[in-house]
Amino acid sequence: MRTVVVWTLVMVMAVNAQSSIFKKISSSMNLKGEKYLKKAEALYGESQYDKAIPLYLKFFEKNKKHDNIDVAIFYHAAVCFMENKEPAKGYAYIEKAAAEKPGDLDIQVLKAEYLVALNSIPDAIETYSKVLKYHPNDYLSYIRLGELTVGQGDLKPAREWWKKAIELDPSRPEAYSRLSESYLKVENNRLEAYYYARKLLNVVKPDDKPRIQRMLDNLAGDMGQDYENYFQKQDCMSNAEEFFKMAKFQQTFQVLVKCKDLPNLSADYFLLFGKVCDEVGKFKDAAFAYERCLALGLESGDIYYRLGWSYLNFNQPKQARIAFQRAKQFADTKEKAEKVLNKLPK
């Protein structure tokens, strides 16, 4: 009986010793908090951010010096705090990640949004500006910069950010929407608000079109045709100027011709039309356009000089001489107009 009791005690002691050994092994395996990190990352992947936070904190507690920790872990922890609406507690982690990866788009955008949440708007604007230095084609950063800038009371630069977004991708709706809203709510400029809302109508999904059309109808009231004519003229000029800037003269000409019958075209329209007609060899049309500029009060030595060359190019030397003589009366075109006149037959 005694032998049995002794053997039982030995077995119990052995089991306890074995249990102690495995606990030590388990503890040594988690010296750097790998178990906490593994669970935290799994919860992060499941979007269970509130449950992941304490596990990340335990991991960081085990790694107080933060040596050799992957930047993604700091980023994930920062996401969790932001999603849990605790930016003050999470900022240190996104700041660490941002310092290590200044060119990472997701990290830097999250840092900027942390600064917004912490009401540090000038720093957020600066961060987004740096984002665009690394990622000049990030459409949404232009949108956000405009929003933050207008929130600071700087309307003009905000609109410039939104217009840059449109240049980058004219098929997206966000910039048109914000521009339209800014003109309507800040200045009550219904024409410009209509213009950008009309651009918005062209790019929104089919399900959204009825809502945008109702907004347009409310803006224009009983002057719908006038507002639509204004849009067509502005859109025509915007598209034509873009093509002209890229030296796509035939496309520029085609755009301008499409809207030549709209009422009350501006002198700027005829000036651009004259220039592009010269480029594509339609000199008679160019002369007509420059004459319209002058009739509308846009008078300069350059226009008279251009008019003279247009007349010369479709064999109207008398009219060309008159135009060059008028160009000679302006300081900026006097010398070159005289040179041409001296070469013309008397």
Side-chain angles (χ1 to χ4, degrees), residues 8-145 147-148:
T8 301
L9 288 172
V10 169
M11 289 296 293
V12 169
M13 290 174 65
V15 169
N16 288 340
Q18 189 178 45
S19 176
S20 177
I21 289 170
F22 282 124
K23 282 182 180 179
K24 287 181 180 179
I25 292 172
S26 176
S27 177
S28 66
M29 287 177 66
N30 197 40
L31 281 175
K32 293 187 177 181
E34 284 88 351
K35 288 198 303 185
Y36 300 134
L37 178 60
K38 186 176 181 180
K39 290 179 182 177
E41 289 285 87
L43 290 167
Y44 173 84
E46 296 169 1
S47 300
Q48 297 188 51
Y49 304 117
D50 58 331
K51 293 180 180 179
I53 287 174
L55 293 166
Y56 278 122
L57 291 177
K58 286 181 179 180
F59 171 74
F60 291 132
E61 180 65 23
K62 291 278 188 178
N63 297 269
K64 291 183 179 179
K65 292 183 179 181
H66 291 174
D67 293 334
N68 301 318
I69 297 178
D70 193 306
V71 174
I73 297 171
F74 292 112
Y75 172 70
H76 292 170
V79 170
C80 290
F81 278 108
M82 181 63 91
E83 291 290 338
N84 214 42
K85 296 180 172 56
E86 296 180 290
K89 293 181 180 179
Y91 181 72
Y93 302 109
I94 194 60
E95 189 176 39
K96 175 76 172 173
E100 293 194 27
K101 285 199 171 183
D104 187 286
L105 178 61
D106 292 335
I107 289 174
Q108 295 301 327
V109 166
L110 183 59
K111 179 186 176 183
E113 289 305 313
Y114 256 94
L115 291 165
V116 173
L118 295 170
N119 202 32
S120 185
I121 306 303
D123 291 331
I125 290 173
E126 182 181 355
T127 301
Y128 267 116
S129 297
K130 289 178 181 177
V131 166
L132 287 174
K133 289 181 181 179
Y134 284 97
H135 305 277
N137 294 329
D138 187 53
Y139 177 92
L140 290 177
S141 288
Y142 288 104
I143 298 298
R144 195 68 173 119
L145 257 174
E147 292 172 343
L148 295 173

Student: Test: salt bridge (charged side-chain N to carboxylate O under 4.0 Å, His left out). Region: residues 128-141. Which pairs qualify, not counting sequence neighbours?
Tutor: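 For residues 128-141: E126-K130.
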
Student: Does any non-hydrogen side-chain atom of V109 lie less than 4.5 Å from one of Y128?
Tutor: yes

Student: So, using side-chain contact (heavy atoms from CB on, under 4.5 Å) as the criterion, who are the partners of Y139 when residues are at least two apart?
Tutor: I143, A165, L168, D169, R172, E174, A175

Student: Can you measure from OH (Y134) to CG (D104) and round to the nearest 0.5 angstrom?
Tutor: 11.0 Å

Student: Which residues satisfy the ring pair (Phe, Tyr, Trp, His ring centres under 6.0 Å) test with Y114, sequence neighbours excluded?
Tutor: none

Student: Which residues satisfy the side chain to side chain donor-acceptor pair (under 3.5 Å) test with D50, sequence neighbours excluded?
Tutor: none

Student: Run the side chain to side chain donor-acceptor pair (under 3.5 Å) test against Q48 and tell me which residues pass, sequence neighbours left out.
Tutor: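 E46, K51.
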
Student: Can you name the side-chain contact (heavy atoms from CB on, under 4.5 Å) partners of E61, sequence neighbours left out?
Tutor: K64

Student: Listing request: all salt bridge (charged side-chain N to carboxylate O under 4.0 Å, His left out) pairs with a residue in residues 72-82, at least two apart in sequence or in separate chains.
Tutor: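 Matches after skipping sequence neighbours: none remain.
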
Student: For residues 70-88, which residue pairs pass the salt bridge (charged side-chain N to carboxylate O under 4.0 Å, His left out) check, not counting sequence neighbours?
Tutor: E86-K89

Student: Could you list the residues that satisfy side-chain contact (heavy atoms from CB on, under 4.5 Å) with L118, not counting sequence neighbours?
Tutor: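 Residues passing side-chain contact (heavy atoms from CB on, under 4.5 Å) with L118: P87, A88, Y91.
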
Student: According to salt bridge (Lys or Arg N to Asp or Glu O under 4.0 Å), who are the partners of E113, at least two apart in sequence or on a separate chain?
Tutor: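 Counting only residues at least two positions away or on another chain, E113 forms a salt bridge (Lys or Arg N to Asp or Glu O under 4.0 Å) with R144.
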
Student: So do I73 and F60 actually touch side chain to side chain, heavy atoms under 4.5 Å?
Tutor: yes

Student: Restricting to side-chain contact (heavy atoms from CB on, under 4.5 Å), what partner residues turn up for P54, sequence neighbours left out?
Tutor: none

Student: Among all residues two or more places apart in sequence or in another chain, which pass the side chain to side chain donor-acceptor pair (under 3.5 Å) test with S129?
Tutor: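 So S129 forms no side chain to side chain donor-acceptor pair (under 3.5 Å) with any residue.
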
Student: Please check if any side-chain donor atom of E41 sits under 3.5 Å from a side-chain acceptor atom of Y56, or the reverse.
Tutor: yes

Student: Measure the CG-NZ distance between D123 and K111 for me, rounded to the nearest 0.5 Å.
Tutor: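 Reported to 0.5 Å precision, the distance equals 8.0 Å.
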
